[in-house]
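Take a look at the structure set out below.
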Amino acid sequence: MSKIEDFLTAAEEQQVIEAIRTSEKNTSGEIRVHLEKTSKKDPYERALEVFQLLKMDNTKLQNGVLIYVAVEDKTFVIFGDEGINNVVEDDFWESTKNVMQAHFKRGHFKQGLVDGILKAGKQLETYFPWETGDKNEIPDDISIG
């Protein structure tokens with residue numbers, strides 16, 4: 001796989017975006033997926049950088065979640081802001097990563113993203129339920145860099 005465009009088809013991208021919208025229906029939390037070809041930095045450092053570039057650190061309740069994927073490097077990071085990190089179980093992000101990785105290893109990239117998004121969404125819903133007046137603070141589209 002040499003191109004980001006080969007990672008997901010247009011239809012699969014729409015299914016990932018729909019999973020984000022579904023997950024965000026019942027929470028004030030925000031989920032975003034960012035895909036890029038490769039990273040010259042440590043994946044975690046790059047995920048933090050992208051998190052800030054996308055202004056995900058500006059959510060009211062610090063409950064943004066970024067799924068960062070470096071396609072050619074075959075690596076990904078799930079990065080949660082302080083608000084969500086303070087309330088989820090210590091192994092939550094690792095268990096979410098394991099669910100996604102199982103799909104990725106079989107080449108089921110869309111399903112891995114969808115399952116990771118939905119799992120994160122359930123936790124966001126538990127700790128940050130939607131309330132009247134909540135607004136979508138971060139776009140739901142897939143960011144590509």
Test: Lys41 and Glu49 ion pair at under 4.0 Å:
yes
State, yes or no, whether a side-chain contact exists between Leu8 and Leu35 at a heavy-atom distance under 4.5 Å.
yes
Test side-chain contact (heavy atoms from CB on, under 4.5 Å) applied to Trp93 and Ile84, step by step:
CA-CA 11 Å; Trp93 297 123; Ile84 186 70; 3.9 Å; yes
Please confirm whether the backbone N or O of Lys60 pairs with a side-chain atom of Glu137, one donor and one acceptor, at under 3.5 Å?
yes
Verify the cluster assignment for Met56 and Leu61: are they in a single hydrophobic cluster under the rule of side-chain heavy atoms below 4.5 Å apart?
no
In Å and rounded to the nearest 0.5 Å, what is the CD1 to CG distance from Ile138 to Asn58?
7.0 Å
Using the rule that Ile, Leu, Val, Met, Phe, Trp and Tyr join whenever any side-chain heavy atoms are under 4.5 Å apart, tell me whether Val99 and Val114 fall into a single cluster.
no
Suppose we call two aromatic rings close when their centres sit under 6.0 Å apart. Are Tyr44 and Phe79 close by that rule?
yes
Are Arg32 and Asp141 close enough for a salt bridge, meaning some N to O gap below 4.0 Å?
yes
Step by step, would you call His103 with Asp115 a side-chain contact (heavy atoms from CB on, under 4.5 Å)?
CA-CA 9 Å; His103 287 294; Asp115 286 0; 2.7 Å; yes
Treating Asp91 as the side-chain partner and Glu94 as the backbone partner, does any N or O pair qualify as donor plus acceptor under 3.5 Å?
no
Please assess Asp81 against Asn85 for the test side-chain contact (heavy atoms from CB on, under 4.5 Å), listing each intermediate value before the final yes or no.
CA-CA 6 Å; Asp81 206 351; Asn85 284 343; over 6 Å; no
When rounded to the nearest 0.5 angstrom, what is the spacing between NZ in Lys97 and CD1 in Ile67?
11.5 Å
Working to the nearest 0.5 angstrom, can you tell me the gap between Thr96 OG1 and Glu89 CD?
11.5 Å
If we only count heavy atoms from C-beta on, is the Leu113 to Lys110 side-chain gap below 4.5 Å?
no
Does the ring of Phe104 carry Lys74 above it, NZ/CZ under 6.0 angstrom from centre and within 45° of its axis?
no
Verify whether one side chain among Ser95 and Lys119 offers a donor that lies under 3.5 Å from an acceptor in the other.
yes
Using only atom types and a distance under 3.5 Å, with no angle test, would you say the side chain of Arg21 pairs donor to acceptor with the backbone of Ile17?
no
Just wondering, do Trp130 and Lys25 contact through their side chains at under 4.5 Å, heavy atoms?
no
Can you measure from CD (Glu30) to CG (Asp134) and round to the nearest 0.5 angstrom?
9.0 Å
Please determine whether the number of non-hydrogen atoms from other residues, nucleotides or ligands lying under 6.0 Å from atom CD of Glu82 exceeds 12.
no
Nearest 0.5 angstrom please: Asn26 CG to Glu131 CD, how far?
12.5 Å
Minimum-distance pair of heavy atoms, taken over all atoms of Ser39 and Ala70:
N-CB, 4.3 Å
Taking the side chain as every heavy atom from C-beta outward, state whether Val69 and His34 have any pair of such atoms under 4.5 Å apart.
no
Main-chain N/O of Pro129 paired to Thr27 side chain as donor or acceptor, under 3.5 Å
no
Do the side chains of Ile142 and Ile144 get nearer than 4.5 Å, heavy atoms only?
yes
Are Ser28 and Asn63 packed together at the side-chain level, in the sense that at least one heavy-atom pair is separated by less than 4.5 angstrom?
yes
Heavy-atom pair of closest approach, residues Tyr68 and Ala47
CB-CB, 3.9 Å
Rounded to the nearest 0.5 Å, what's the gap from CZ on Arg46 to OG1 on Thr75? Could you check?
13.0 Å
Say whether Val16 and Val77 are linked into one hydrophobic cluster, either directly or through other cluster members, by side-chain heavy-atom distances under 4.5 angstrom.
no
As a quick check of understanding, evaluate side-chain contact (heavy atoms from CB on, under 4.5 Å) for Ser143 and Glu36, giving each step before the final call.
CA-CA 9 Å; Ser143 169; Glu36 59 188 21; over 6 Å; no
Path from Phe128 to Ile117 over hydrophobic side-chain contacts below 4.5 Å
yes
Same apolar cluster: Phe76 and Phe109, side chain cutoff 4.5 Å:
yes
Side chains of Ile31 and Leu124: does their closest heavy-atom pair fall under 4.5 Å?
yes
Of all heavy-atom pairs between Val65 and Ala120, which one has the smallest distance, and what is that distance?
CG1-CB, 4.4 Å
Student check: side-chain heavy atoms of Pro43 and Asp73 closer than 4.5 Å:
no
Any sub-3.5 Å donor-acceptor pair from Glu13's side-chain atoms to Ala10's backbone N or O?
no
Among Leu48, Leu54, Val50, which one satisfies side chain to side chain contact (heavy atoms under 4.5 Å, CB included) with Gln52?
Leu48
